[in-house]
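Order of listing sets the numbers, starting from 1, for every ligand and every atom in it. Only a predicted model underlies this, so the values are computations on that prediction, with no experimental measurement involved.
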Amino acid sequence: MVMGTLREEAELAIVGGGPGGYVAAIRAADLGREVVLIDERTRLGGVCLLEGCIPSKALIHAAGLIDAAREAKAVGLEFAPPKLDLGVLRQFVHGVIATMAKGIDGLLQKRGVEVIHGRARFTGPRTLLVEGEHQSTIEFRNAIVATGSRPTRIPLAEELPVWTSTEALGIPEIPSRLIVVGGGYIGLELGQVYAALGSKVTIVEFAPRLLPGADPDLVEVVVRRAKQGLAGMLVESKVVGMERTAAGLAVTVEHEGQRQTLEAERVLIAVGRTPNTDAIGLETLGLSVDAQKRIPVTDECRTSAPHVFAIGDAVPGPMLAHKASREAKIAAEVLSQHKSAFDNRAIPAVVYTDPEIAWAGLTEREALERSVPIKVSRFPLRALGRAWTLGRTEGFVKMITAPDTSLLLGVGMVGPQASELIAEATLALEMGATLEDILVTIHPHPSMSEAILEAAEVAAGSPVHINPAKGR
Ligand code: FAD
């Protein structure tokens with residue numbers, strides 16, 4: 001019940017408790033700020049913890065176990081076909097989320113951050129109205145907008161019982177046939193999970209290829225493997241109709257002028273995410289958004305209202321949790337009068353498909369688009385001992401260097417553990433490493449990380465485990 005309106009003052013008000021907002025609260029409190037953190041959900045952690053990064057990776061782990069058990073036959077181990085207890089799987093995912101959410105609560109409590117659960121809206125240049133169990137007005141000196149994003153809906157699916165990633169991550173059921181509309185990373189990751197759990201999955205992508213943001217050679221390796229597990233992958237295919245049927249839903253897809261109708265029990269729409277920047281009263285701060293509904297910010301994460309900062313999915317840049325958390329620290333530091341700016345050279349991107357794809361720094365695609373001259377050198381995992389011991393030799397690491405110097409500009413990779421390996425590449429890029437820096441660094445043997453060293457050796461023209469290029 002809403003009683004009266006409470007009034008309070010805050011040195012810093014942060015709206016949104018995801019990996020942007022809660023990290024900003026921790027950093028700002030550690031720098032001596034008095035912080036109020038507001039989130040409309042009952043638990044903190046935002047999309048990333050509650051319906052994004054963490055539950056999806058917990059499910060990918062389960063799917064990986066199923067695949068590993070099947071493939072164990074190759075090393076002489078045979079298991080009975082897996083029996084899925086959906087209740088236990090849900091409990092596992094919920095348990096991970098609950099533990100981590102509790103951890104965030106504890107971190108904030110220790111630092112004296114006040115947490116208010118309710119929906120916040122700016123009502124003036126220095127005031128916020130929060131509607132929750134109580135209604136309160138907060139007068140702030142500084143504010144950080146960290147309201148994140150939500151799944152983009154498609155008009156054709158309005159009123160239809162389709163899933164977004166949020167519903168799919170709740171694993172309400174394992175549909176016998178699932179159509180995934182959208183072949184970006186969320187669609188592919190969840191598509192592979194449901195395929196491992198027993199659904200016949202068809203992915204429908206509008207662009208000419210899956211994962212349009214990644215270099216095609218990296219994607220090709222995943223597509224080859226996904227062909228074994230997925231019922232279909234349609235590219236350059238537009239969904240032009242969707243309707244209810246007795247069995248579930250029928251999706252009409254147009255490809256090169258031809259139409260076909262696919263039927264499924266469930267349809268998952270994963271066509272992107274929309275920033276939560278509407279209905280939060282940005283106009284009362286004098287702020288507007290760009291064509292993609294993002295709040296423009298400076299490299300200090302400051303909006304055009306100098307006392308208001310914005311971070312994470314609500315601002316331009318890749319919609320990734322680690323980018324949100326980096327911006328969170330910058331905003332907290334700048335408003336605490338510290339010198340700080342988003343001057344990062346590389347934001348790593350990872351697609352947790354099987355095998356994983358990761359890249360950091362300049363990609364071949366970007367170099368082509370921007371006409372940047374580059375040299376590309378690849379090291380195939382089939383020449384790597386550790387890859388053979390894992391029974392997974394598909395994939396490669398590629399180095400993108402400046403042709404006239406040996407400066408590292410970008411690294412891309414596809415293969416097992418790419419999500420872990422990319423951290424070394426990101427550090428190298430951040431430190432302005434040259435090939436020589438990598439060449440003199442001893443990498444543990446046998447490990448997947450040696451693929452980075454080997455790729456640098458290929459780039460330097462001194463490969464050890466593959467033959468040198470002809471003409472050398
Ligand atoms: P969010 O995490 O969206 O948090 C914003 C919070 O603000 C929410 O809790 C919301 O309830 C609250 N809020 C919004 N408006 C208001 C309001 N008016 N009043 C009060 N509270 C409000 N990223 C990765 O880096 N790696 C991954 O592997 C990855 N996997 C993903 C998988 C899926 C299925 C999805 C959907 C996303 C994934 N992401 C991943 C993206 C990642 O979740 C986001 O980039 C990240 O959560 C953005 O953080 P944020 O703090 O900007 O916003």
Side-chain angles (χ1 to χ4, degrees), residues 13-25 36-61 93 101 104 115-123 128-132 136 138 143-152 163-170 180 182 184-191 193 268-282 294-295 297 301 309-329 331 347-353 356-358 419 422:
I14 301 175
V15 184
Y22 88 76
V23 171
V36 174
L37 176 65
I38 307 135
D39 197 294
E40 61 190 336
R41 298 171 196 250
T42 48
R43 282 197 286 198
L44 295 177
V47 167
C48 180
L49 175 57
L50 306 175
E51 55 195 53
C53 330
I54 296 297
S56 61
K57 271 75 235 180
L59 289 178
I60 287 168
H61 169 62
V93 178
I104 296 173
V115 177
I116 302 179
H117 293 283
R119 186 165 180 76
R121 184 164 46 87
F122 292 96
T123 49
L128 265 171
L129 178 71
V130 183
E131 288 172 304
S136 41
I138 299 171
I144 299 179
V145 182
T147 46
S149 64
R150 60 182 182 273
T152 302
W163 283 349
T164 64
S165 56
T166 308
E167 287 81 34
L169 286 170
V180 179
Y185 84 92
I186 293 177
L188 261 183
E189 287 182 6
L190 290 177
V193 164
L268 161 61
I269 308 284
V271 293
R273 298 189 58 84
T274 305
N276 292 324
T277 51
D278 34 14
I280 55 169
L282 287 182
R294 304 168 305 186
I295 307 167
V297 285
C301 301
F309 295 72
I311 59 176
D313 284 7
V315 307
M319 286 180 162
L320 293 169
H322 42 273
K323 177 253 190 192
S325 297
R326 173 81 190 112
E327 289 171 340
K329 290 182 187 158
I347 303 172
V350 177
V351 186
Y352 292 79
T353 40
E356 294 178 346
I357 297 179
S419 55
I422 200 63

Which side-chain N or O atoms in residues 36-46 pair as donor and acceptor under 3.5 Å with protein atoms at least two apart or in another chain?
from	atom 1	to	atom 2	distance (Å)
Asp39	OD1	Arg41	N	2.8
Asp39	OD2	Gly17	N	2.6
Glu40	OE1	Arg119	NH1	2.5
Glu40	OE2	Arg119	NH1	3.4
Arg41	NH1	Glu51	OE1	3.0

Any idea which part of [X] is under 4.0 Å from ligand 1, heavy-atom wise: side chain, backbone, both or neither?
X	answer
Glu189	neither
Val130	neither
Ser56	side chain
Pro151	neither

What atoms in ligand 1 come closer than 4.0 Å to a heavy atom of [X]?
X	value
Met319	41 (C), 45 (O)
Ser149	3 (O)
His322	25 (O)

* **Of all pairs that satisfy salt bridge (charged side-chain N to carboxylate O under 4.0 Å, His left out), the ones with a partner from residues 311-326, not counting sequence neighbours** =>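 For residues 311-326, and leaving out neighbouring residues, the salt bridge (charged side-chain N to carboxylate O under 4.0 Å, His left out) pairs sorted by first residue read Lys323-Glu327.
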
Is any N or O atom of [X], backbone or side chain, closer than 3.5 Å to an N or O atom of ligand 1?
X	value
Tyr352	no
Leu320	yes
Asp39	yes
Ser165	no
Gly20	yes
Ala120	yes
Leu169	no
Lys57	yes
Ile280	no
Asp313	yes

Looking at [atom], what's its closest protein heavy atom, distance included?
atom	result
atom 7 (O) of ligand 1	Gly16 CA, 3.2 Å
atom 42 (C) of ligand 1	Cys53 SG, 3.8 Å
atom 36 (C) of ligand 1	Arg273 NH1, 3.3 Å
atom 24 (C) of ligand 1	Ala321 N, 3.5 Å
atom 11 (O) of ligand 1	Arg41 NE, 2.9 Å
atom 16 (C) of ligand 1	Glu40 OE2, 3.7 Å
atom 14 (C) of ligand 1	Thr147 O, 3.2 Å
atom 2 (O) of ligand 1	Val47 N, 2.9 Å

I want to check something: taking the side chain as every heavy atom from C-beta on, are [X] and [Y] in contact at a cut-off of under 4.5 Å?
X	Y	answer
Leu50	Thr166	no
Glu356	Val351	no
Ser419	Tyr352	yes

Measure across [X] and [Y] and return the closest heavy-atom pair with its distance rounded to 0.1 Å.
X	Y	result
Ala120	Val15	CB-CG1, 3.8 Å
Leu268	Ala168	CD1-CB, 4.1 Å
Thr277	Ala314	CG2-O, 3.9 Å
Ala143	Phe122	CB-CE2, 3.9 Å
Ile138	Ala13	CG2-CB, 4.4 Å

State if [X] counts as touching ligand 1 under the rule of any non-hydrogen atom under 4.0 Å.
X	answer
Ala328	no
Tyr185	yes
Arg150	no
Arg121	no

* Should Thr274 and Thr152 be marked as a side-chain hydrogen bond (donor to acceptor under 3.5 Å, both in side chains) after you check the CA-CA gap, both sets of side-chain angles, and the distance that decides it? -> CA-CA 5 Å; Thr274 305; Thr152 302; 2.8 Å; yes

Only heavy atoms count here, so choose which of [options] is nearest to [atom].
atom	options	value
atom 53 (O) of ligand 1	Ala310, Ala314, Gly148	Gly148
atom 49 (O) of ligand 1	Gly312, Gly18, Pro19	Pro19
atom 20 (C) of ligand 1	Gly46, Gly317, Gly118	Gly118
atom 43 (O) of ligand 1	Ser419, Cys48, Ala279, Gly52	Cys48

In Å and rounded to the nearest 0.5 Å, what is the [atom1] to [atom2] distance from [X] to [Y]?
X	Y	atom1	atom2	value
Ile144	Phe309	CD1	CZ	7.0 Å
Ser56	His61	OG	NE2	13.5 Å
Glu189	Ser165	CD	OG	10.5 Å
Leu169	Leu190	CG	CG	5.0 Å
Ile14	Leu128	CD1	CG	11.5 Å
Ile280	Thr147	CD1	OG1	4.0 Å

* Please say whether more than 12 non-hydrogen atoms of neighbouring residues, nucleotides or ligands are located less than 6.0 Å from CZ in Arg121. =>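 Counting neighbours around CZ of Arg121, 12 or fewer heavy atoms of other residues, nucleotides or ligands fall under 6.0 Å, so no.
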
* Working for side-chain contact (heavy atoms from CB on, under 4.5 Å), residues Val145 and Ile295 -> CA-CA 9 Å; Val145 182; Ile295 307 167; 3.9 Å; yes

